[in-house]
Structures are given as structure tokens and as C-alpha cells.
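Below: the structure, in C-alpha cells.
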Number of protein chains: 2
Amino acid sequence: MIIRIESESDIPIYLQISNQIIEGIARGYIKAGQTLPSVRSFAADLGVNMHTVNKSYHHLEQKGIIQIVPKSGAVITSPQNFNESTINKLKDEYKHLIAESLVIGMPTTQIKELVAALLEEFKKSNGQLK
Amino acid sequence: MIIRIESESDIPIYLQISNQIIEGIARGYIKAGQTLPSVRSFAADLGVNMHTVNKSYHHLEQKGIIQIVPKSGAVITSPQNFNESTINKLKDEYKHLIAESLVIGMPTTQIKELVAALLEEFKKSNGQLK
DNA sequence: AAATCTGTTCTATTTTGTATAGAACAAAAA
DNA sequence: TTTTTGTTCTATACAAAATAGAACAGATTT
């Protein structure tokens, strides 16, 4: 799995890492039970600081996406027992994203089509999706 | 239109204001051609600094959602001629949001239903939606 | 015409977030 | 036993966010 860091981006590096890991899981490049690289080796690969990768991992753990085993590694968790607040935050993000789409003039049909197309794209990469 | 600021939130105040204005437009509470409150009066109402509201307005102007007329006011623009980068950023946000939803185990049907339900909710508030 | 209100611009300070750096610790793995 | 692991600590540097006060010039209201 390839991760690209854009230093010019307005998105913090630790979030760029988190987001691309999430996409990698959704696409099936990494699967539940597998382990992420150590913070030191990953940082060396990406050319960033160890603490930046560490922050990214803890960000993913807070979302319930990975589990950090002290002195061992970061393991992708199975999609289960995720907390309510994570789901509510996601729903709020959907609400705001749809609101903005409507405001800039996207028709409802186009929004539905965009979502359906993206879901198809992920399904294409990851056959195990429900 | 009522706007609530949560000081505990990790979302910056100026973004909370922007987001709720966008939702207000999507819901039809404010319509194209109408004017937003002055930065000073709005700031007084919300209990925040004038410059924070000013930042929010300029953020909305950059998105093409309002037009700031110097020495006059901030006017809601009609949904037209939006730049490509705004749309591409939106699509990227949809992609990441859907990826995260899939990772925490939401079935594709549930994602589609959530989007459809939110679209219905906005339609219910705003009859003029396409 | 005068007073008020408007967004703008400027300096200034405080707080928080981001990113890097280096060092040390204790436990797990090789 | 040596290496690797995540963790913790101090430290620095920079940027973003939020507040504050003042002043300006144009628009609006009285």
C-alpha cells in the first residue's frame, strides 16, 4: 500500500496518514488482523517524524479502527463494537456535506449517483464488502 | 435562524458558524439574495469576536456561497458558476467519508439509506430543492 | 448635514495545534 | 542478548485560532 504525503496540503500530515490508511482498509489492501508498520519504520518510509505517525495511530485507535498493543504493534480491528459517538460524528459529517452539495446546486439525483458510484468503486477493489 | 456555538467542540468557531449558515441555506431558512447580519451584530448575538465572524464570512465567500459587498453586507449568492476545485474537494470528502463508513462496518445499503434520508430531510424543510 | 453603521485594516496578545528533535524506559521479539 | 517496540518526557519552532482595541473611509440612516 502506497501512501503519499503532500506537504503543501492544508490537511495535517497525521490526518493524511490516517485517511489513507482508512482508504486502504476500505479498499481491502489491508485487512482486519493485519499489523501496521512500526511508527519508526513507517516514519522513515514517509520521511516524517516518528511522533507524527504515532499521533496518526492514536487518532485511528480513538476511532476504533485499529488497536495499539503496547510494546507490540498496531492491529487492524474487525468492524464491530464501534462507539456511538463515532457514528454520530459521521452522520453529522454526512449532513454537512450534503447541505454544502445542495447549496452549490447539485441536484439530489446527482448526489445519490455520486455516492452509489463511490460505493461501487470500493466494492470493485474489495470484494468482501457487504 | 438559530446558530449554536459549542466552545468545547474541536471544530473551530468560525467553521461552526460557516457550517450552520450553509445548513440554513440548504434548509431554505435563508435564501439567495438575502443578506446576512453584520459582522458586529452577529458577533454580539453569538458572543464571539467580530473578527471570528468576519473570518467565517470570508470562508463562505471563498467557497462562492456568499458575496461580500464592501461597506454594505454579505449577500447569499444564487447557486451557479462554482469553481471546479470546490466540487473536487467535495468529492474527495465524500470518498473519505464513505471509506470510513465502510471501515466501521456500515453496509452499503445503510449508507445509501442514510444519504437518502438526509436528502429527504432537507427537501422537507426546503421545497425549492431540485 | 450629522450621526451611525458598514467592512476593512492594523497591531497585539494568548492559546492551541502541528511538527520536529532527542533521549530514556521497559517490555516484547528476534 | 541484542534489537525493536510503543511510551513518555522535555524542548523548540511555526502556524492557526480567537480575542482585543483602534482607526479608516464609504454607505446608510436620522
Item to complete: Would you please confirm or rule out a distance under 4.0 Å between OP1 or OP2 of dT5(D) and any side-chain N or O of Ser38(A)?
Response: yes
Worksheet item: When the distance from CD1 of Ile68(A) to C1' of dA28(C) is rounded to whole Å, what number comes out?
Response: 16 Å
Practice prompt. Mind telling me whether Tyr57(B) and Phe42(B) have parallel, tilted or perpendicular rings, with 30° and 60° as the class edges?
Written response: tilted
Practice prompt. Take the C1' atoms of the five end pairs on each side of the helix from dG7(C)-dC24(D) to dA30(C)-dT1(D), derive the two axes, and give their angle rounded to 10 degrees.
Written response: 40°
Practice prompt. Could you tell me the separation between the CD1 atom of Ile13(B) and the P atom of dA20(D), rounded to a whole number of Å?
Written response: 11 Å
Discussion item. Between C1' on dG7(C) and CG on Asn49(B), what's the gap in Å once rounded to a whole number?
Written reply: 14 Å
Worksheet item: By a strict heavy-atom criterion of less than 4.0 Å, which residues belonging to residues 51-59 of chain B are in contact with DNA chain D?
Response: His51(B), Thr52(B), Lys55(B)
Worksheet item: If you measure from the Lys or Arg side-chain nitrogens to the Asp or Glu carboxylate oxygens, is any gap between Glu120(B) and Lys124(B) under 4.0 Å?
Response: no
Worksheet item: So Ile66(B) and Val75(B), side chain to side chain contact (heavy atoms under 4.5 Å, CB included) or not? Walk me through it.
Response: CA-CA 5 Å; Ile66(B) 68 174; Val75(B) 189; over 6 Å; no
Item to complete: Take the protein atom CD of Gln67(B) and the nucleotide atom C1' of dG7(C), then report the distance between them rounded to whole Å.
Response: 14 Å
Discussion item. Looking at Gln34(A), I want to see if its CD is surrounded by more than 12 non-hydrogen atoms of other residues, nucleotides or ligands under 6.0 Å.
Written reply: yes
Item to complete: May I have the distance from Arg40(B) (atom CZ) to dA27(D) (atom C1'), rounded to whole angstrom?
Response: 13 Å
Worksheet item: Would Arg27(B) and Glu23(B) count as a salt bridge (Lys or Arg N to Asp or Glu O under 4.0 Å) if you check the C-alpha gap in whole Å, the side-chain angles of each, and the deciding distance to 0.1 Å?
Response: CA-CA 6 Å; Arg27(B) 290 211 142 83; Glu23(B) 265 194 46; 3.0 Å; yes
Fill in: Donor-acceptor side-chain pairing of Tyr94(A) and Ser101(B) below 3.5 angstrom
yes
Worksheet item: When the distance from CG of Asp10(A) to P of dG17(C) is rounded to whole Å, what number comes out?
Response: 18 Å
Discussion item. Other residues, nucleotides and ligands only: do more than 12 of their heavy atoms fall within 6.0 Å of CD on Gln67(A)?
Written reply: no
Worksheet item: Rounded to the nearest Å, what distance is computed from the CZ atom of residue Phe42(B) to the P atom of nucleotide dT6(C)?
Response: 13 Å
Response to the item:
On DNA chain C, more 5' by nearest nucleotide between Pro12(A) and Pro70(A) is Pro12(A)
Worksheet item: Got a donor-acceptor pair under 3.5 Å from the side chain of Lys71(A) to the base of dG6(D)?
Response: yes
Worksheet entry | CD-CG distance between Gln20(A) and Leu15(A), expressed to the nearest 0.5 angstrom | 11.0 Å
Worksheet entry | Phosphate-side-chain proximity, Tyr14(A) and dA19(C), N/O vs OP1/OP2 below 4.0 Å | no
Item to complete: Specify the separation, in whole Å, of atom CD of Glu8(A) and atom P of dA15(D).
Response: 16 Å
Fill in: Basic-acidic side-chain contact under 4.0 Å: Glu121(A), Lys95(B)
no
